[in-house]
Every structure is written in structure tokens, then in C-alpha cells.
Amino acid sequence: MAIKDLVESSIDENTVTIFSKSWCPYCKASKTLFEREFPDVPTKILELDEMEEGSEIQAYLAQKTGQRTVPNIFVNKQHIGGNDATQAAFKNGQLKTLISV
Ligand SMILES: N[C@@H](CCC(=O)N[C@@H](CS)C(=O)NCC(=O)O)C(=O)O
């Protein structure tokens, strides 16, 4: 599958999509937040460091979102951003609202 299709289908087919790296502490914090607060919400986690196409996916995401770092998180097809943005969106209630859409 082309990189663009892989990324776009992941975003389209899951309520929450987290582009992550397995060793990344910010990614761990975001994954823990979704596991704890939204355990029943369909969530796709792609560990880019464990995928052959990981670097290409990261490059495509940078082009698509302007964000080069992981985690790079989407909720209901909307780009949220990294861990800082995700934690802030949780605290102010936006994350719950977006998930419920
Ligand atoms: N403030 C960012 C920090 C993200 C960050 O620094 N991520 C590191 C990994 S822990 C990263 O993406 N480094 C570049 C890379 O791995 O290519 C956030 O909240 O998401």
C-alpha cells in the first residue's frame, strides 16, 4: 500500500489514530491517556520505529500536518497534534467532545 493510503486509511477507519514510536515517553503518555480515559474507543496505534515504512510515514505526516515529531494524533479525522496538545485538549474537554462526534 502506498504511504499516503496507509496513513489516510488509518485516520479514516479509526476514531483515534496515534502515530507513535515505542521508546518515546511523550507517546507513552498519550497512549496511557487514551487507554485510561477512553478504553472502549477504537484506537489504532502505529509504532513507526517498528515499521519498515516508518520514516516515510513520518515524512508524509510532516508534509500533511507540519508536525515532524511523534506522537502525532488524530481524532475523528481531525489533527490534534502531539502529546502536549492532546493533554491540553483532554483537560479542556475538547477531546471528549471530538470523540463523541
Ligand atoms: N512537545 C512534543 C514532544 C514530542 C517529541 O519531542 N517527540 C520526540 C520523540 S520522544 C520526537 O518526535 N523526536 C523526533 C523523532 O523521533 O523523529 C509533544 O508534546 O508531543
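Just so it is clear, the values below take in all heavy atoms, side chains as well, and ignore hydrogens, waters and symmetry mates. Start at 1 and go down the list; that is how both ligands and their atoms are numbered. Starting from 1, each residue takes its place in the sequence as its number. Owing to the predicted nature of the structure, the values given are computational and were not obtained by experimental measurement.
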Peer 1: Take a 6.0 Å sphere around OH of Y26 and say whether it holds more than 12 heavy atoms from other residues, nucleotides or ligands.
Peer 2: no
Peer 1: For each nitrogen or oxygen atom of ligand 1, which protein N/O atoms lie closer than 3.5 Å, and how far apart are they, rounded to 0.1 Å?
Peer 2:
residue	atom	partner	partner atom	Å
ligand 1	1 (N)	D84	OD2	3.1
ligand 1	7 (N)	V70	O	2.9
ligand 1	12 (O)	V70	N	2.9
ligand 1	16 (O)	K21	NZ	2.9
ligand 1	17 (O)	K21	NZ	3.1
ligand 1	17 (O)	Q58	NE2	2.8
ligand 1	19 (O)	N83	N	3.2
ligand 1	19 (O)	D84	N	2.8
ligand 1	19 (O)	D84	OD1	3.1
ligand 1	19 (O)	D84	OD2	3.4
ligand 1	20 (O)	N83	N	2.8

Peer 1: Listed by chain and number, what are the side chain to side chain donor-acceptor pair (under 3.5 Å) partners of E13, not counting sequence neighbours?
Peer 2: none
Peer 1: Side chains of residues 37-48: which donor-acceptor pairs under 3.5 Å do they make with residues two or more places apart or in other chains?
Peer 2:
residue	atom	partner	partner atom	Å
T43	OG1	V41	O	2.9
E47	OE1	S20	OG	2.8
E47	OE1	K21	N	3.4
E47	OE1	S22	N	3.1
E47	OE2	K31	NZ	2.7

Peer 1: Between I11 and T17, what is the shortest heavy-atom contact and its length?
Peer 2: CA-OG1, 3.6 Å
Peer 1: Is there a donor-acceptor pair under 3.5 Å between the side chain of Q58 and the backbone N or O of R68?
Peer 2: yes
Peer 1: What pairs of residues pass the salt bridge (charged side-chain N to carboxylate O under 4.0 Å, His left out) test when at least one of them lies in residues 73-85, not counting sequence neighbours?
Peer 2: none
